[in-house]
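Below: one structure, written as structure tokens.
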Amino acid sequence: MALTETAALEAGRDFIRDIVAADLAAGRHRSVVTRFPPEPNGYLHIGHAKSICLNFGIAEEFGGRCHLRFDDTNPTKEEQEYIDAIERDVRWLGFDWGGHLYHASDYFEQLYQWAEYLIREGKAYVDDQSPHDMRATRGTLTEPGTDSPYRERSVDENLDLFRRMRAGEFPNGARVLRAKIDMASGNINLRDPTLYRILHAKHPRTGTTWSIYPSYDFAHGQSDAIEQITHSICTLEFEDHRPLYDWFIANLPVPSQPHQYEFARLNLTYTVLSKRVLTGLVREGHVSGWDDPRMPTLAGLRRRGVPAAAIREFVKRIGVAKANSVVDFAMFEHAVREVLNRTSPRRMAVLRPLRVIIENYPEDKTETLEAANHPDDPGAGTRQVRFGREIFIERDDFMENPPKKFFRLAPGREVRLRYAYFITCREVVKDESGDVVELRCTYDPATRGGNAPDGRKVQATIHWVSASGSVPAEVRLYNHLFTRPEPNAADFAADLNPQSMEVLTDSRLEAALASDNIDAAVQFERQGYFYRDPDSTPGRLVFNRTVGLRDTWAKVANVA
RNA sequence: UGGGGAAUAGUUCAACGGUAGAACAGCGGACUCUGACUCCGUUAAUCUAGGUUCGAAUCCUAGUUCCCCAGCCA
């Protein structure tokens with residue numbers, strides 16, 4: 001099938017898409033088939049999203065298909081929970097494998113038959129060496145290995161032993177099946193790699209049917225071949241497995257000839273994308289779970305309020321190449337803001353409230369004012385917000401002794417309450433310790449809705465909620481999980497940011513937020529994008545900050 | 001002293017022998033009922049040394065630096 005020009009333009013170009021396009025143009029394949037092959041031993045993270053978008057994206061753009069295949073060859077590490085989570089997350093990201101859901105374990109019998117085939121061809125043997133001895137005879141990076149004393153067993157003996165391995169006659173670790181390639185190869189993967197190991201373990205799908213399991217190398221390429229995968233795309237660390245991948249394809253009667261291509265995995269500043277580390281964070285309780293909003297997992301990002309579209313947009317922007325790289329986290333935040341700015345309804349919320357009494361506003365009066373749901377999109381409609389004599393503003397929006405560049409409320413100064421009135425600060429009320437606890441202000445009734453008939457200007461517009469028109473809430477602010485741009489994965493606990501989560505317990509939200517039933521992030525005006533957390537109860541809303549708005553004032557304030 | 005890869009603005013990615021370009025970040029400005037958004041401007045790069053060529057980021061040679069590989073993990 002041909003690639004449409006618009007799809008090509010939108011997709012952008014990278015060396016892998018170039019290869020696919022060239023293969024199609026040269027007629028090497030009639031259509032492209034890719035696959036995303038996760039091992040179900042953890043949750044998917046944003047690094048996987050890069051691979052998912054690449055594999056499913058290429059299939060989409062070139063009119064082919066992409067399979068979801070679980071690489072479930074190690075039952076000691078894999079769990080059903082992960083299988084379920086991975087399917088959910090790929091779907092959430094926006095991709096569809098149609099009927100093409102597969103498992104390496106679907107091919108266990110075929111793989112086994114191919115292993116016997118290699119034995120009969122004299123290209124595989126059962127090795128009785130212990131793991132320790134195998135390591136010792138493998139050689140080093142600079143010295144060749146030495147042949148196993150079991151390397152020249154007869155085909156019959158190998159077959160017998162291998163069948164007995166399958167039958168479960170031997171304990172874990174007693175023997176392995178190895179390919180007979182070259183113990184002196186400069187590529188260590190070719191020094192008689194292990195094809196099967198004995199593992200008396202229950203597999204999530206095959207149960208106790210098997211007591212031997214194929215290695216990644218023996219399973220992956222052949223699974224690709226069975227599924228007629230044309231382009232098997234993986235990360236750089238598999239580059240020197242490619243000769244082995246090709247060796248199996250060349251030496252086995254497989255139904256197709258897939259090729260492997262490698263790209264650089266994603267790294268992000270202030271983030272660790274390693275299953276080992278992510279699993280450690282969860283198991284050691286540094287986070288509340290795989291879906292903790294500080295986690296770079298898709299589940300965590302989703303709970304934080306990051307839309308799938310933002311992740312796709314981010315992946316599109318970072319490109320695909322073969323050079324190791326670390327992407328600035330700001331690039332990710334930019335993609336999130338870009339999508340959310342376009343799509344999020346606006347609301348007002350006061351995170352750290354400061355009480356304001358409007359002295360000239362009648363005690364018993366309240367009124368409703370109209371506020372736009374999205375200032376740049378009239379089609380988004382409006383909502384009513386309640387105003388009254390007692391309101392709350394953000395503590396940060398008042399300074400008793402403002403520096404030159406501070407435009408917001410200060411004693412004697414007039415500002416606009418968004419969509420409401422101009423107010424002027426008349427008096428600052430403090431407690432015994434000198435902390436500001438309340439402001440006494442006056443409002444100008446003529447400025448209703450936020451415009452002064454006399455055309456006078458104010459320097460700032462601030463957000464607010466009224467005491468009677470708001471509900472209390474908990475708001476969770478997140479910062480980087482790690483303190484350093486490039487955390488030490490080997491000792492990740494040392495680089496954890498103790499301030500990665502700040503919980504505000506007495507925020508107040510515009511009442512509409514209590515009844516909104518929006519399953520997406522909302523912009524709290526002037527602050528950022530926030531998403532309702534499942535910890536919310538009917539009586540107490542909990543919101544997560546997805547990402548803050550750009551804050552140039554913070555920069556100015558920091559410099560001063 | 002083995003094998004496999006990679007080197008372009010601060011960061012990520014383009015440029016496929018013919019004017020080194022974009023995005024993010026930074027800086028300056030305009031606009032603004034969000035110090036947001038948007039818009040405008042601006043700083044800033046070909047790892048080094050040779051060679052081929054009218055012309056090299058691109059081809060060749062030598063070197064430098066960085067990454068991956070010695071699981072019965074993937």
Side-chain angles (χ1 to χ4, degrees), chain A residues 12-15 18 37-39 41 71 73-74 76-78 127 129-131 134-136 138-145 172-178 184-191 193-199 212-213 215-217 219-220 234-243 262 264 266 269 275-276 317-335 337-338 341-342 346 348 371-372 375-376 405-408 416-420 422 449-451 457-463 523-528 548-557:
Chain A
R13 270 271 98 92
D14 55 66
F15 76 99
D18 287 347
E39 184 193 11
N41 67 344
D71 227 326
T73 56
N74 186 353
T76 64
K77 292 190 174 171
E78 296 152 8
D127 194 341
Q129 288 185 110
S130 66
M134 272 184 63
R135 198 177 317 127
R138 187 154 27 230
T140 69
L141 293 178
T142 54
E143 304 158 65
N172 288 355
R175 296 174 222 266
V176 293
L177 182 73
R178 289 230 254 175
S185 173
N187 183 341
I188 291 177
N189 295 302
L190 264 18
R191 318 241 263 231
T194 297
L195 271 32
Y196 272 89
R197 71 278 211 199
I198 299 169
L199 243 35
I212 55 172
Y213 291 92
S215 63
Y216 162 84
D217 286 307
H220 202 97
C234 63
T235 45
L236 253 29
E237 67 270 26
F238 293 102
E239 207 151 17
D240 47 19
H241 288 241
R242 195 171 60 225
E262 310 85 13
L266 172 68
T269 56
K275 266 194 210 169
R276 200 199 99 248
R317 281 167 185 253
I318 58 173
V320 180
K322 289 193 74 159
N324 291 116
S325 61
V326 184
V327 177
D328 190 339
F329 195 83
M331 190 94 87
F332 176 66
E333 292 189 321
H334 175 83
R337 289 194 189 103
E338 184 181 271
N341 175 52
R342 218 167 48 224
R346 313 284 124 130
M348 291 197 284
D376 304 328
K405 295 253 181 90
F406 186 82
F407 302 147
R408 286 111 91 154
R416 174 190 293 111
L417 294 178
R418 187 148 166 87
Y419 298 122
F422 286 12
N451 291 301
K457 300 282 186 206
V458 287
Q459 274 198 109
T461 299
I462 64 174
H463 62 276
Q523 185 189 105
F524 289 180
E525 291 211 58
R526 301 210 307 129
Q527 305 195 102
L549 255 28
R550 275 189 64 202
D551 188 354
T552 47
W553 160 245
K555 280 183 209 161
V556 174

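To find a chain, count down the sequence lines: A is the first, B the second, and so on, and within it residues start at 1. What you see is a predicted model, and the numbers here were worked out from it, not measured in a lab.
Among the nucleotides B/C72, B/C24, B/C73, the one closest to the side chain of A/Met134 is B/C72. Of the listed nucleotides (B/A74, B/C24, B/C72), B/C24 has the atom at the smallest distance from the side chain of A/Ala330. Which of B/G2, B/A74, B/U34 sits closest to the side chain of A/Thr142 comes down to B/G2. Closest to the side chain of A/Arg526, out of B/G35, B/G3, B/C72, is B/G35. Here B/C72 is the nucleotide among B/A70, B/C72, B/C13 with the atom lying nearest to any side-chain atom of A/Pro131. Closest contact between the side chain of A/Asp71 and the listed nucleotides B/U34, B/A74, B/G3 involves B/A74. Here the nucleotide nearest the side chain of A/Arg138, chosen from B/G35, B/C72, B/C69, is B/C72.
When heavy atoms are screened at a 4.0 angstrom cut-off, A/Phe238 is found touching base atoms of the nucleic acid. Backbone-only engagement by A/Ile318 is indicated by non-hydrogen atom pairs under 4.0 Å involving sugar-phosphate atoms exclusively. Among the protein residues, A/Pro243 comes within range of no part of the nucleic acid, since none of its heavy atoms lies under 4.0 Å from any strand. Across all strands shown, A/Tyr419 has heavy atoms under 4.0 Å from base atoms, whether or not it also approaches the sugar-phosphate. A/Phe406 comes within contact range of at least one nucleobase, with a heavy-atom separation under 4.0 Å. Residue A/Asp217 is classed as having no contact, given no heavy-atom separation below 4.0 Å to the nucleic acid. Residue contacts shown for A/Gln523 include a base, since a base heavy atom lies under 4.0 Å away.
Following rounding to the nearest Å, A/Lys322 (NZ) and B/A14 (P) show an atom-to-atom distance of 13 Å. One interatomic measurement links the two molecules: CG of A/Asn189 to P of B/C68, which rounds to 15 Å at whole-angstrom precision. Whole-Å rounding puts the A/Glu239 CD to B/G5 P distance at 6 Å. Atom OH in A/Tyr213 sits roughly 12 Å away from atom P in B/A74 (whole-Å rounding). Remark: P of B/G71 and CG of A/Asp127 are 14 Å apart, rounded to the nearest angstrom. One can place CG of A/Leu266 at 16 Å from P of B/U11, the figure rounded to the nearest angstrom. Between the CD atom of A/Glu237 and the P atom of B/A74 there is a distance of 13 Å, given to the nearest Å.
To the nearest whole angstrom, the two C1' atoms, one in B/C39 and one in B/U46, are 31 Å apart. Rounded to the nearest Å, the gap between the P atom of B/A44 and that of B/U38 is 25 Å. Distance noted for atom P between B/U19 and B/G29: 36 Å (whole Å). Between B/C27 and B/U8, the distance separating the two P atoms is 25 Å to the nearest Å. Between B/A74 and B/A36, the two C1' atoms lie 44 Å apart (nearest whole Å). Spacing between B/U64 and B/U1 at atom P, rounded to whole Å, works out to 9 Å. If you take atom P in B/A25 and the same atom in B/U11, they sit 15 Å apart, rounded to whole Å.
Pair check for B/U53 finds none; no Watson-Crick or G-U wobble contact set falls under 3.5 Å. Under the Watson-Crick or G-U wobble criterion, with both distances below 3.5 Å, B/U34 is left unpaired in every strand shown. Across all strands shown, B/G63 pairs with B/C47; the Watson-Crick or G-U wobble distances both stay below 3.5 Å. Using N1 to N3 plus N6-O4 or O6-N4 for Watson-Crick, or N1-O2 and O6-N3 for G-U wobble, each under 3.5 Å, B/C39 pairs with B/G29. If you check B/U58 for Watson-Crick or wobble pairing at under 3.5 angstrom, you find it has no partner at all. Across all strands shown, the partner of B/C24 is B/G10, judged by Watson-Crick or G-U wobble contacts whose two distances both fall under 3.5 Å.
Classified by its glycosidic torsion, B/G71 falls in the syn category, the angle being within 90° of 0.
Looking at which nucleotide of RNA chain B each of A/Glu143 and A/Asp551 is closest to, the 5′-most match is held by A/Glu143. Across the interface with RNA chain B, nearest-nucleotide mapping of A/Lys457 and A/Asp328 shows A/Asp328 to be the residue nearer the 5′ end.
Residue-to-nucleotide contacts include a donor-acceptor pair under 3.5 Å from the side chain of A/His241 to the base of B/A74. Under 3.5 Å, the side chain of A/Arg197 and the base of B/G71 form no donor-acceptor pair of N or O atoms. For B/G3, its base sits under 3.5 Å from the side chain of A/Asp240 at one donor and acceptor pair at least. Between the base of B/U34 and the side chain of A/Arg346 there is a donor-acceptor pair shorter than 3.5 Å. In terms of polar N and O atoms assigned as donor or acceptor, the side chain of A/Gln527 never comes within less than 3.5 Å of the base of B/U34 in a complementary pairing. Side chain A/Asn41 to base B/C73: no donor-acceptor pair is found below 3.5 Å.
Using a 4.0 Å cut-off between a side-chain N of Lys or Arg and a carboxylate O of Asp or Glu, A/Arg317 and A/Glu338 qualify as a salt bridge. Looking at A/Glu239 and A/Lys322, a side-chain N of the basic residue comes within less than 4.0 Å of a carboxylate O on the acidic one, giving a salt bridge. Using a 4.0 Å cut-off between a side-chain N of Lys or Arg and a carboxylate O of Asp or Glu, A/Glu262 and A/Arg242 qualify as a salt bridge.
Contact annotation: the side chain of A/Arg175 never approaches that of A/Arg197 to less than 4.5 Å [non-hydrogen atoms, C-beta and beyond]. Contact of the A/Val176 side chain with the A/Tyr196 side chain is not registered, since no non-hydrogen atoms from C-beta on lie closer than 4.5 Å.
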I'd like a list of close polar pairs between nucleotides 37-41 of chain B and the protein, N/O only, cut-off under 3.5 Å.
residue: B/C37; atom: O2'; partner: A/Asn341; partner atom: ND2; Å: 3.0

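For B/A74, the OP1/OP2 oxygens have a side-chain nitrogen or oxygen of A/Thr73 closer than 4.0 Å. In this structure, A/Ser325 reaches the B/C13 phosphate: one of its side-chain N or O atoms is under 4.0 Å from OP1 or OP2. Put simply, A/Thr552 has a side-chain N or O that comes within less than 4.0 Å of OP1 or OP2 on B/A36. Between A/Lys555 and B/C27, a side-chain N or O to OP1/OP2 separation shorter than 4.0 Å is present.
Taking CZ from A/Arg416 and CZ from A/Arg408, the interatomic distance works out to 15.0 Å, rounded to the nearest 0.5 Å. Going from atom CZ of A/Arg337 over to atom CG of A/Leu549 covers 7.0 Å, rounded to the nearest 0.5 Å. Here the CG-CG distance, from A/Asn189 to A/Asp240, works out to 5.0 Å after rounding to the nearest 0.5 Å.
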- What's the verdict on side chain to side chain donor-acceptor pair (under 3.5 Å) for A/Asn187 and A/Ser185, showing C-alpha distance, side-chain angles and the deciding distance? CA-CA 5 Å; A/Asn187 183 341; A/Ser185 173; 5.4 Å; no

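Ring-to-base geometry places A/Trp553 in a stacked arrangement with B/G35 (centre distance under 5.5 Å, plane angle under 30°).
Formation of a donor-acceptor pair under 3.5 Å by the A/Ser215 side chain with backbone atoms of A/Thr194 is found in this model. With hydrogens and angles disregarded, no donor-acceptor distance shorter than 3.5 Å links the side chain of A/Asp328 to the backbone of A/Met331.
The ring of A/Trp553 has its center no closer than 6.0 angstrom to the ring center of A/Phe407.
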